[in-house]
Amino acid sequence: MPDVAHIISLATSEDVAPIAALLRRCMLKMRADGSDQWSEAYPTAEVVVGDVAAGTLFSLRTSPRAPIVAVITCDENVPPEYEPIAFTRGRPLVVHRLAVDPEQQGRGYARMLMQFAERRARELGCTTIRFDTYSRNVAAVGLYLQLGYVQLPGEIRFPGRAAHFYCFEKLLDR
């Protein structure tokens, strides 16, 4: 695997179109695989623009000039849908929109981005990482469990999705 220190970087306005295209390819693959996790309505280019403006979207490349192969958004914005879930108290970093280009999946990029998120959380003084994933996304659920995340009791729902979402959390050691 490549050295992540040289290939994960803060996304810029020049990255919006390629990232939006990557997210669309992911959505189309999900649809082809029978999942309604993402749609034409989410995530959109406007979401990408907002993440770039907030300084919370990171891209992964296999070399400095290579195309973007994966993305992750990390912020401290806890969705209101998380309210009924019994998360641990503390300062969370929340992961959103982890996506790996369908042609690049299976190469460890999602794992690398989650490890990056853990390092970033520690740098920011966060004590936990939280996120949700679609219950039908079996590969993602398996990865998160392998990485030591705990699937919390309960489930949440988002509009327009047939199935529920699971919430995950990991307490960070210092």
Side-chain angles (χ1 to χ4, degrees), residues 11 15-54 56-60 68-88 92-118 120-121 126 128-170:
D15 297 326
V16 169
I19 291 172
L22 182 150
L23 294 175
R24 179 164 173 72
R25 289 191 299 277
C26 289
M27 182 272 296
L28 292 172
K29 170 124 175 45
M30 288 175 192
R31 291 291 176 168
D33 292 345
S35 173
D36 65 335
Q37 179 174 347
W38 286 355
S39 68
E40 298 289 342
Y42 177 86
T44 62
E46 290 77 20
V47 170
V48 175
V49 168
D51 288 346
V52 168
T56 58
L57 177 59
F58 297 86
S59 63
L60 185 148
I68 295 169
V69 297
V71 295
I72 190 170
T73 296
C74 303
D75 62 31
E76 295 183 55
N77 300 322
V78 178
E81 290 84 0
Y82 287 14
E83 187 63 33
I85 303 299
F87 286 102
T88 305
L93 185 74
V94 183
V95 169
H96 312 272
R97 296 174 291 284
L98 171 63
V100 178
D101 190 300
E103 292 184 13
Q104 301 293 325
Q105 292 176 357
R107 298 181 184 181
Y109 297 136
R111 178 181 301 269
M112 290 169 63
L113 285 173
M114 290 303 294
Q115 291 167 341
F116 166 80
E118 290 179 23
R120 178 140 180 88
C126 295
T128 181
I129 293 196
R130 298 177 187 169
F131 58 89
D132 62 80
T133 197
Y134 204 42
S135 58
R136 293 180 177 174
N137 192 338
V138 177
V141 170
L143 171 67
Y144 300 139
L145 293 172
Q146 281 180 3
L147 292 174
Y149 287 86
V150 175
Q151 181 180 328
L152 298 174
E155 58 190 49
I156 61 173
R157 294 201 168 265
F158 288 100
R161 303 301 177 266
H164 58 274
F165 288 70
Y166 298 130
C167 289
F168 289 83
E169 181 174 53
K170 185 180 210 181

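Just so we're clear, the structure is a prediction, and the values are computed from it rather than from any experiment.
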Spatial distance of atom OH (Tyr42) from atom CZ (Arg97) [nearest 0.5 Å] | 4.0 Å

Okay, side chain of Gln104, backbone of Tyr109: is any donor-acceptor separation there less than 3.5 Å?
-> no

For residues 160-168, tabulate all N or O donor-acceptor pairs below 3.5 Å that involve a side-chain atom, not counting sequence neighbours.
| unit_1 | atom_1 | unit_2 | atom_2 | d |
| --- | --- | --- | --- | --- |
| Arg161 | NE | Asp36 | O | 3.2 |
| Arg161 | NE | Gln37 | O | 2.7 |
| Arg161 | NH1 | Pro159 | O | 3.4 |
| His164 | NE2 | Glu155 | OE1 | 3.4 |

Ignoring hydrogens and angles, write down the donor-acceptor pairs under 3.5 Å from the side chains of residues 68-78, residues two or more places apart or on other chains.
| unit_1 | atom_1 | unit_2 | atom_2 | d |
| --- | --- | --- | --- | --- |
| Thr73 | OG1 | Asp51 | OD2 | 2.9 |
| Asp75 | OD1 | Asn77 | N | 2.9 |
| Asp75 | OD1 | His96 | NE2 | 2.8 |
| Asp75 | OD2 | Asn77 | ND2 | 3.3 |
| Asp75 | OD2 | His96 | NE2 | 3.4 |
| Glu76 | OE1 | Arg91 | NE | 2.8 |
| Glu76 | OE1 | Arg91 | NH2 | 3.4 |
| Glu76 | OE2 | Arg91 | NH2 | 2.8 |

In chain order, what residues pass the side chain to side chain donor-acceptor pair (under 3.5 Å) check against Ser135, with sequence neighbours excluded?
-> none

Which residues satisfy the side-chain contact (heavy atoms from CB on, under 4.5 Å) test with Glu81, sequence neighbours excluded?
-> Pro79, Ile156, Phe158

Report, one line per pair, each donor and acceptor closer than 3.5 Å where one atom sits in a side chain of residues 20-31; sequence neighbours left out.
| unit_1 | atom_1 | unit_2 | atom_2 | d |
| --- | --- | --- | --- | --- |
| Arg24 | NH1 | Glu40 | OE1 | 3.0 |
| Arg24 | NH1 | Glu40 | OE2 | 2.8 |
| Arg25 | NE | Asp101 | OD2 | 2.9 |
| Arg25 | NH2 | Asp101 | OD2 | 2.5 |
| Lys29 | NZ | Asp33 | OD2 | 2.7 |
| Arg31 | NE | Trp38 | O | 3.3 |
| Arg31 | NH2 | Trp38 | O | 3.1 |

Beyond-backbone contact of Pro92 with Phe87, side-chain heavy atoms, under 4.5 angstrom = no

Side chain to side chain, Met114 and Phe131, heavy atoms closer than 4.5 Å | yes

Out of curiosity, Phe58 CZ to Phe116 CZ, how far, rounded to the nearest 0.5 Å?
-> 4.0 Å

Would you list the atom pairs, donor with acceptor, under 3.5 Å between side chains in residues 138-150 and any protein atom, with sequence neighbours excluded?
| unit_1 | atom_1 | unit_2 | atom_2 | d |
| --- | --- | --- | --- | --- |
| Gln146 | OE1 | Arg111 | NH2 | 2.8 |
| Tyr149 | OH | Glu118 | OE2 | 2.8 |

Euclidean distance, Asp132 CG relative to Leu152 CG, rounded to 0.5 Å = 11.0 Å

